[in-house]
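Naming: A, B, ... by sequence-line order, numbering from 1 per chain.
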Amino acid sequence: MTTNAQVRCRFAPSPTGYLHVGGARTALFNYLLAKRAGGTFILRIEDTDQTRNVRDAERQLLEDLRWLGLQWDEGPEAGGACGPYRQSEKLERYRAQARQLIDEGKAYYSFDTREELEAMRKAAEAAKRTFIYPRPKSFPSHADAQKARDAGRPVVVRLAMPERDITVSDTILGEVTIRAADLTDFVLLKPDGWPTYHFAVVVDDYDMKITHVLRGQEHLMNTPNHVALQWAFGYPTPVYGHLPIILNMSGSKMGKRDKDKAVRDAALAALKSGKVDDNALCQIADCPEFDQYLSWKEAQSQLTSEQLQRLGVALGIVLPEVQVHDFRQSGYLPEVLCNFLALLGWSPGDSREKFSMEELAAAFSIERINKANARFDRDKLLNFNLDGIAKATPERLLAAMRSYLEVSPASPFRGQSDETILNVLKLSAGVRTLREVETKAGALFVDDAAIRYDAAAVEKFLIKDAGAMGVLREVRKLLAELPTWETAALDAAVRAFVDEKKLKLAAVAQPLRIALTGGTISPAIFETLALIGREKTLRRIDRCLVSVGGAAIA
RNA sequence: GCCCCCAUCGUCUAGAGGCCUAGGACACCGGCUUUUCAAGCCGAGAACCGGGGUUCGAAUCCCCGUGGGGGCGCCA
């Protein structure tokens, strides 16, 4: 393998919220490319939109990346020789660079209002043409710009695009040529003096000596702009690779909108059935204005993740995971998510599918990235996670569970000892997610008072079977008198009892399960008894005999 | 409306002109196992978007359709 210490890749998110899977895949590919080449992985924060920056978003972003295992070599909190790594900290640099282009006649001021621009765009569409900004014959001076500012007009700086076709050499897609007639003079500096994304990206990629840029295909049409800017500055052009887009199963770009849609659909169904009204939903979502709720309901706007979460809980639906944080909360293993994401748009060429992060870094190559968009198949991810959990060592699983519990305040496993969690994990073999450990064994750890008896289960195993309550009483006695309380002894004693009574094991196991958990879901019954101990077992049997027995009589 | 990208089972993909009777994985379906829920085991079905070329030969190359996706911001 040839190592190239010069390879420098970056992931450059804007801090508008949690990291999306699409962003995670982009980060992963850049990380793998850098690691494969023995190069450097850089994190840069693109916070140039003052109106969209969300407080706390950067912290979430860093946490998500670290959770995934994508530690950056240079960037916020890591430092590095090419900083600052936040665009908001280098405004002077961008302004100076813009000034240089203006003075060289490569960029110019323009003063149009949004309304004027909108009218021009509309006119172009009506005439079935691409909108091209009408470049003035002679460029305004600095003094003209100041005068416009004083007059209250928005002053921006635009790049004078070269009047020639621009061919982007993309390592994944090949050569893509955009005709000069389709290129427009785009904005470099906004009226507030902040740089646009295009401008900051080009300056920063140069400042940070970026050699390879892997990014989503939605950026492909931005690339000619970036190339033109590099020409204007005399910067080298990095190697570009535009990754296929991750789509949801219905075939459109996967994004937070998918969550809005899931909740909206559920809300509309609930409204139709008369279960709730708009006022109630608005209140649950905690919308300050009713109009905000209405606009969301009509698919005109989106709600925050927190609002959707609340509505989801109230409507009884599970939101589709789209942000990395969601996957963590659902109990996915980060290494599994990375493995799965790596296969969306890349394949090793043989039939291997399961990779550790190290194996990925060793196998990854830019040549084997696909062109076609990929759908995000949750079923396959679930299966990968099942396999990942099954193959993980107990120590790894414990650590993953602790990490999961950090973001799951309501879990009954919070505050349990490592030993208990390790035990539960062992008994829960076969779960697909860490959260499923809760459905499988969570009821064993809630307060007795929180046990809710499942009506259908009670009916089937305790009432319809006329002898069941009696059996439960006899088993209780048996268990109370057992000399030792361990799996083998429990197993032997109960099986002997069952044989003697000519019963099936299920005739004892199912009533016991209901007594212990309220339903028919639990790990293997003898291990379960051993796990929770005699005291709790007897207490719960008594509780069941009383409450279900009472119900049976009534 | 304009510009761009893409096209193999339902989904992710292998396939770089003959190794293809198109391989793997998930899902689905059938069976086995079973103290529940899972899991596990065994098995089956399932695809080269259409039409033209090029070639002795095309899933693979070219063209045209069609379909899907993305972009067209003083968002990134």
Check nucleotides 37-40 of chain B against the protein and report each pair of N or O atoms closer than 3.5 Å, with its distance, or say if there are none.
unit_1, atom_1, unit_2, atom_2, d
B:C37, O2, A:Lys440, NZ, 3.1
B:C37, N3, A:Lys440, NZ, 3.0
B:A38, O2', A:Gly430, O, 3.1

A:Glu125 has a side chain; which of B:U35, B:C2, B:G1 sits nearest to it?
B:G1

In the structure shown, which nucleotide is the Watson-Crick or G-U wobble counterpart of B:C49, with both distances under 3.5 Å?
B:G65

Can you build the contact string for nucleotides 7-23 of chain B? Use B for base contact, S for sugar-phosphate-only contact, and - for no protein heavy atom under 4.0 Å.
S--BBBSSS--------

With a 4.5 Å heavy-atom cut-off, do A:Trp194 and A:Arg95 have their side chains touching?
yes

Please find out if less than 6.0 Å separates the ring center of A:Trp346 from that of A:Phe364.
yes

Tabulate protein N/O versus nucleotide N/O from nucleotides 60-63 of chain B, keeping only pairs under 3.5 Å, one per line.
none

Sugar-phosphate only, base, or nothing, as touched by A:Leu173 at under 4.0 Å among non-hydrogen atoms:
sugar-phosphate

To the nearest Å, give me how far apart CG (A:Asn339) and P (B:A25) are.
15 Å

Please list, chain by chain and in numerical order, all residues satisfying side-chain contact (heavy atoms from CB on, under 4.5 Å) with A:Ala262, sequence neighbours excluded.
A:Pro320

Side chain to side chain donor-acceptor pair (under 3.5 Å) partners of A:Ser356, counting only residues at least two apart
A:Glu358, A:Glu359

Aromatic ring centroids of A:Phe340 and A:Phe376 under 6.0 Å?
yes

Give none if B:G10 has no partner; otherwise give the nucleotide forming a Watson-Crick or G-U wobble pair with it, both distances under 3.5 Å.
B:C26

Want to settle it: does A:Arg513 or A:Gln217 sit nearer the 5' end of RNA chain B, counting the closest nucleotide to each?
A:Gln217

Going 5' to 3' through nucleotides 71-76 of chain B, assign each nucleotide B (protein heavy atom under 4.0 Å from a base atom), S (under 4.0 Å only from sugar-phosphate atoms) or - (no protein heavy atom that close).
S-SBBB

